[in-house]
Amino acid sequence: MAELQRLPGFNVANRLEKRQLLIAVNCVAALSIFFFGYDQGMMGGVNNAKDYIDLMGFGHVDPATQEPIITDSLLQGGIVSVYYLGTLFGCLGGGWCGDKVGRIKSIAVGAVWAIVGASLQCSAQNKDWMICARFVNGIGTGILNAIVPVWATETAEHTSRGQFIAIEFTLNIFGVVVAYWLEYGLSFIDNGDSAFRWRFPIAFQIIPLLVLLSVVWFFPESPRWLVKAGRDEEARFILHRLRGSTGDDAVRADREYHDIRNIAELEKKESTKNSYFHMLFGIGSGELHTGRRVQLVIWLQILQEWVGIAGVTVYAPTIFRIAGFDTNKSQWISGLNNIFYMFATLICVFTLDRIGRRWTLYWGAVAQGIAMFLAGAFSRLGQDARNAGNIGLANSYGAAAASFVFIFTSVFGATWLTVPWLYPAEIFPLQVRAKGNAWGVFGWSIGNGWLTLLCPVMFNAIGENTLHIFGAANFLSLVVVWALYPESNQRTLEEMDLLFASPSPWAWDAERTFARLKEERPELVLAAKRGEHVDTESGKVTQEEQDSSARGAVMYPYVESSDTG
């Protein structure tokens, strides 16, 4: 079969190559992640808009203080949290769609769902309408969150996967910042009483979604999904464009292609059942241990919420009020905190691929745990001082508590924000990678929806002691990550099947088994790293014969397979 020279129609992969193409792919992925952040940050301001509160009927705004008075917190929280029910269904549908029809088409489907949901939200006329619209919008977000990280990781090189995903999540928090300051500015229009204050911010999210829907068709499909779908020449061409099409770059691209092929063949033989039910309980996955991977990604996302970000989101305004800041100044401080949060995510860009996923979670959990305990303690001291009439001391304690809120959110942005989204996109077999990442979004939906409803109840019942619970959860997460989560950093996606081949759930056993299998079964993934190639029919490893100075390329033995015609 003749080697493919270009993709049909207009495709950026025909024009861009190597890092330029990777940057272009990640810019498109970042559009989706920006929307995700904006969509999450948007409802905070919407819930304070007088027209929205009156229309939905869960409270009113005090005419003297302009503070929202919530009379039906269950309705208010329900409108917000039904979005996470939508993401739960959306991620499962998106994972199925992504493995069935490809990453690009699934991203387009998710964008359409989200556009419809945003349109319904900004035109809502009552609470029932809004609840349905939030659910539809959540479905679109769930589809995108299940597919976009997979598409990004499958196109990136294994040495820089973390960096690219971390950059995307800087855009995620940028979305939160844009939502916050846009709504803050709109609060001054018509004294904050008009419907424009909440309808426009909801409608604004349609803009990045329309751009995403328009441009994604002109970007290359994941080469790994193409191999799975039997479109081998197209996969090889895209890998050449992503890694380089001449000299040593082309050699590495060919080796990566053959590694993908080898693992795809192994997974077809090893895994017989790939439904969500079978994945959850590990039925029919053999030595791939898919069920264990599903449990790991679900609980990592739930842990992400329990380390305290949900609590800070809910309780930060209270801490700022304890510090003596009035309503307007508290809004400024909250917005400034989000900006610090965004810039802190850049730390992860430079550290994640250097120190690894585990150490990123380790230092994040320690720093976050300390910040949570101290924020809770100074919050309590500030309240006691204010009750005793010592306003100056109360303000000092409150300022100390507020500073630890800043520290917590900054550390979270540099550590725990990114890893729970990257890990699920890395560790699953090619056959079910989109479905596997969907299980991670499933865990995020449970964790977020659960704490969205639970946090107000906890703070009402035990106040700042809730922060101490989150602090303890951070130190508990240290033990969980150390014992159960093997390192995925600097390992190819094809090596993940060896990393999880151990029958034991412990991370140290996984590492030992990984090292042993790399020695015993070099035909699986060592071709790309040792200049060897494997005949998938015979299973024999053959040393490449080349004269690099004369030829500049590796000549591979012919591989019998379905793409040979």
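The chain is numbered in sequence order, starting from 1.
To the nearest 0.5 Å, the span separating CZ on Phe174 from CD1 on Ile33 amounts to 15.0 Å. Rounding to the nearest 0.5 Å gives a distance of 12.0 Å between CG of Leu120 and CD1 of Ile115. Atom OG1 of residue Thr159 and atom CZ of residue Arg161 lie 9.0 Å apart, to the nearest 0.5 angstrom. Rounding to the nearest 0.5 Å gives a distance of 6.0 Å between CD1 of Ile165 and CG of Leu422. The distance from the CH2 atom of Trp96 to the OG atom of Ser106 is 9.0 Å, given to the nearest 0.5 Å. Arg433 contributes atom CZ, which lies 14.0 Å from atom CH2 of Trp225 (distance to the nearest 0.5 angstrom).
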Carefully, step by step, assess Asp190 and Arg197 under the rule salt bridge (charged side-chain N to carboxylate O under 4.0 Å, His left out).
CA-CA 9 Å; Asp190 294 331; Arg197 177 180 174 181; over 6 Å; no

Going through the checks in order, is the ring-ring contact (aromatic ring centres under 6.0 Å, His included) test met by Trp113 and Phe89?
CA-CA 12 Å; Trp113 270 99; Phe89 283 96; over 10 Å; no

Take Gln121 and Asn137, measure what side-chain hydrogen bond (donor to acceptor under 3.5 Å, both in side chains) needs, and give me the verdict at the end.
CA-CA 8 Å; Gln121 281 185 88; Asn137 194 229; 3.1 Å; yes

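Under the 3.5 Å distance criterion, with hydrogens and angles disregarded, a donor-acceptor pair is assigned to the side chains of Thr141 and Tyr83. Side-chain atoms of Thr415 and Gln368 form a donor-acceptor pair, as typed in the model, at a separation below 3.5 Å. Side chains of Ser488 and Glu426: a donor-acceptor N/O pair is present below 3.5 angstrom, by distance only. Side-chain N/O atoms of Thr87 and Ser445 include a donor and acceptor closer than 3.5 Å. Using modelled atom types, one finds no donor on one side chain facing an acceptor on the other under 3.5 Å when comparing Asn172 with Tyr38. In the model, Gln163 has no side-chain atom that pairs as donor or acceptor with a side-chain atom of Asp353 under 3.5 Å.
Of the charged side-chain nitrogens involved, at least one lies within less than 4.0 Å of a carboxylate oxygen, so that Glu256 and Arg224 count as a salt-bridged pair. Using a cutoff of 4.0 Å between basic side-chain nitrogens and carboxylate oxygens, Arg231 and Glu221 are not scored as salt-bridged.
None of Trp217, Phe219, Phe218 except one satisfies the ring pair (Phe, Tyr, Trp, His ring centres under 6.0 Å) rule with Phe10; the exception is Phe218. Exactly one of Val178, Leu209, Leu212 qualifies for a side-chain contact (heavy atoms from CB on, under 4.5 Å) with Phe34. That residue is Val178.
Residues forming a side chain to side chain donor-acceptor pair (under 3.5 Å) with Gln76 (at least two apart in sequence, or on another chain): none. Taking Ile347 as the reference, Thr351, Ala414 meet the side chain to side chain contact (heavy atoms under 4.5 Å, CB included) condition, with sequence neighbours excluded.
A donor-acceptor contact shorter than 3.5 Å is absent between the side chain of Arg358 and the backbone of Asn489. In terms of modelled atom types and a separation under 3.5 Å, the side chain of Asn14 and the main chain of Leu7 share a donor-acceptor contact.
The number of heavy-atom neighbours closer than 6.0 Å to CH2 of Trp363, taken from other residues, nucleotides and ligands shown, is above 12. The local environment of CG in Leu210 is crowded, with over 12 non-hydrogen atoms from other residues, nucleotides or ligands closer than 6.0 Å. Within a 6.0 Å sphere centred on CZ of Phe343, other residues, nucleotides and ligands contribute 12 heavy atoms or fewer. By the 6.0 Å contact criterion, OH on Tyr184 is enclosed, its count of non-hydrogen atoms from other residues, nucleotides or ligands being greater than 12.
Of all heavy-atom pairs between Gly94 and Ala146, the closest is C-CB, 4.4 Å. Scanning both residues, Val216 and Leu213, for their nearest heavy atoms gives CG1-O, 4.0 Å.
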Side-chain donor/acceptor pairs under 3.5 Å, residues 296-305, sequence neighbours excluded:
{"unit_1": "Trp299", "atom_1": "NE1", "unit_2": "Gln295", "atom_2": "OE1", "d": "3.4"}
{"unit_1": "Gln301", "atom_1": "NE2", "unit_2": "Pro420", "atom_2": "O", "d": "3.1"}
{"unit_1": "Gln304", "atom_1": "NE2", "unit_2": "Trp416", "atom_2": "O", "d": "2.9"}
{"unit_1": "Gln304", "atom_1": "NE2", "unit_2": "Leu417", "atom_2": "O", "d": "3.1"}

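Between Trp444 and Trp439, the distance separating the two ring centers is not shorter than 6.0 angstrom.
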